Amino acid sequence: MPEILEADAYRRLAEGVVGRTVVAVEAPDPLYPRGGVDAGGLADALVGRRITAARRHGKVVLLDSGGPTLALRFGMTGRLLVDGRAAIEYLEWGGRRSDPSWVRFGLVFRGGGRLWIDDPRRLGSVELAPDLSGLGPDAWSLRLDELRGALAGGGGPLKARLLDQGRVAGLGNLLVDEVAWRSGLSPLRPAGSLADDEVRRLHRTIRRTLDQMDRRGGSHTGDLFDHRRAGGTCPKDGAPLRRDTVGGRTSWWCPEHQS
DNA sequence: ATTGTGGCCTGCCCGC
DNA sequence: TGCGGGCAGGCCACAA
């Protein structure tokens, strides 16, 4: 479940390769390169280039090197490692072990350092010159007017809108459940039905929740997280939590204080 | 255009 | 002890 918080931890880790020169590209999994490029194309584009920046938009980590930008996506079980060091050791729903066969992509640098993606489920990908125009504004720097725009006119459930990367980029299932719970908003509410004070509250909550959970260590550190299970109760008021499928995702919420 | 659904992919956990 | 089924969700293709 790499969501925006894990992606940002990966970006921070990837800053460690800025200034290094790529001498080899490893792409042992033919499923991993997307967008019409293969292992050879990745090598042609990247070998000999020096990494100049590590950026992030939503859940996507971007490496610049003077040529086409390299985009790294992590699906739900992808981990980034640099020189054998992981940004996140234990990924919820990720592998409990580490297995060399889970390495899906790697960059080898002059001097022997290495950046790679470990992804048991193979749901992540790498892409050259990604088109990010379909992504909405980044959730962490989201302005109030941008959130208003993202929710405006939506007849579908609030949760589906917040999960839609084209509306707001970066939030995943766990973070959306957490911010809806903290905001006292039902995930089932039609997105466009929120009153202005509710949008403001949601906006504040997104910002504060991301800052706090980043300090805590990731998207599994929400107050609701441990209660997302059969028989779970709301840590705020003790009511039994409801489990619904919303936006195609398992959703846990409190019918007592979320409306 | 918007919204919903199913499939991809595989480790892990539970029940038998 | 081994095995099979279900589950997890980011992302994309496709359908209504």
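Per chain, numbering begins at 1; letters A, B, ... match sequence-line order. Computed from a prediction, not measured in an experiment: that's the story for all the values here.
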Most 5' of A/Glu127 and A/Arg121 on DNA chain C, judged by nearest nucleotide =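 In this pair, the answer is A/Arg121.
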
Using the [atom1] atoms only, state how far [M] lies from [N], rounded to an integer number of Å.
N: B/dG11; M: C/dC12; atom1: C1'; result: 22 Å
N: B/dA1; M: C/dC11; atom1: P; result: 22 Å
N: B/dG6; M: C/dG6; atom1: P; result: 15 Å

With a 4.0 Å cut-off on heavy atoms, is [X] in touch with a base, just the backbone sugar-phosphate, or nothing at all?
X: A/Gly155; answer: sugar-phosphate
X: A/Gly248; answer: nothing
X: A/Gly154; answer: sugar-phosphate
X: A/Arg161; answer: sugar-phosphate
X: A/Thr250; answer: sugar-phosphate

Taking only side-chain N and O atoms of [X], does any of them lie within less than 4.0 angstrom of OP1 or OP2 on [N]?
X: A/Trp102; N: B/dG11; result: yes
X: A/Arg243; N: C/dA8; result: yes
X: A/Arg122; N: B/dT10; result: yes

Can you check side-chain contact (heavy atoms from CB on, under 4.5 Å) on A/Leu202 and A/Leu151, steps first, answer last?
-> CA-CA 11 Å; A/Leu202 179 60; A/Leu151 300 178; 4.0 Å; yes

Return yes if some donor-acceptor pair links the side-chain N/O of A/Arg56 with the main-chain N/O of A/Gly58 below 3.5 Å, else return no.
-> yes

Has the side chain of A/Glu6 got a donor or acceptor atom that lies under 3.5 Å from a matching backbone atom of A/Glu3?
-> yes

State which residues pass salt bridge (charged side-chain N to carboxylate O under 4.0 Å, His left out) with A/Asp83; sequence neighbours excluded, sorted by chain then number.
-> A/Arg20

Selection from [options] that lies nearest to any side-chain heavy atom of [X]:
X: A/Pro157; options: C/dG10, B/dG4, B/dC9; value: B/dG4
X: A/Arg167; options: B/dT3, C/dG9, C/dG10; value: B/dT3
X: A/Lys59; options: B/dT10, B/dT2, C/dC11; value: C/dC11

Can you tell me the distance, in whole Å, between the [atom1] atom of [X] and the [atom2] atom of [N]?
X: A/Leu72; N: C/dC11; atom1: CG; atom2: P; result: 13 Å
X: A/Asp131; N: C/dC12; atom1: CG; atom2: C1'; result: 15 Å
X: A/Leu162; N: C/dG9; atom1: CG; atom2: P; result: 16 Å
X: A/Arg34; N: B/dC8; atom1: CZ; atom2: P; result: 13 Å
X: A/Leu188; N: B/dT3; atom1: CG; atom2: P; result: 15 Å
X: A/Leu31; N: C/dC12; atom1: CG; atom2: P; result: 13 Å
X: A/Asp164; N: B/dT3; atom1: CG; atom2: C1'; result: 10 Å
X: A/Gln165; N: C/dC12; atom1: CD; atom2: P; result: 9 Å

Of all heavy-atom pairs between A/Pro33 and A/Asp38, which one has the smallest distance, and what is that distance?
->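 Minimum heavy-atom separation between A/Pro33 and A/Asp38: CB-CA, 4.2 Å.
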
Toss me the dot-bracket line for DNA chain B: Watson-Crick and G-U wobble, both under 3.5 Å, 5' to 3', using | for pairs to another strand and [ ] for crossers.
-> .|||||||.|||||||

Begin from the C-alpha positions of A/Phe74 and A/Ile117 and carry the test side-chain contact (heavy atoms from CB on, under 4.5 Å) through to its verdict.
-> CA-CA 8 Å; A/Phe74 299 90; A/Ile117 297 176; 3.9 Å; yes

Pairs meeting criterion side-chain hydrogen bond (donor to acceptor under 3.5 Å, both in side chains) with involvement of residues 149-171 of chain A, two or more places apart = A/Lys159-A/Asn173, A/Lys159-A/Asp177, A/Lys159-A/Ser251

Could you check A/Glu178 against A/Gln212 for side-chain contact (heavy atoms from CB on, under 4.5 Å), going step by step and ending with a plain yes or no?
-> CA-CA 12 Å; A/Glu178 181 75 19; A/Gln212 182 192 52; 5.9 Å; no

Pairwise 5' ranking along DNA chain B for A/Leu123 and A/Gly156, keeping only the more 5' one =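 That would be A/Gly156.
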
Only one of A/Asp211, A/Thr221, A/Asp223 forms a side-chain hydrogen bond (donor to acceptor under 3.5 Å, both in side chains) with A/Arg216, so which one is it?
->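 So the option named by the test is A/Asp223.
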
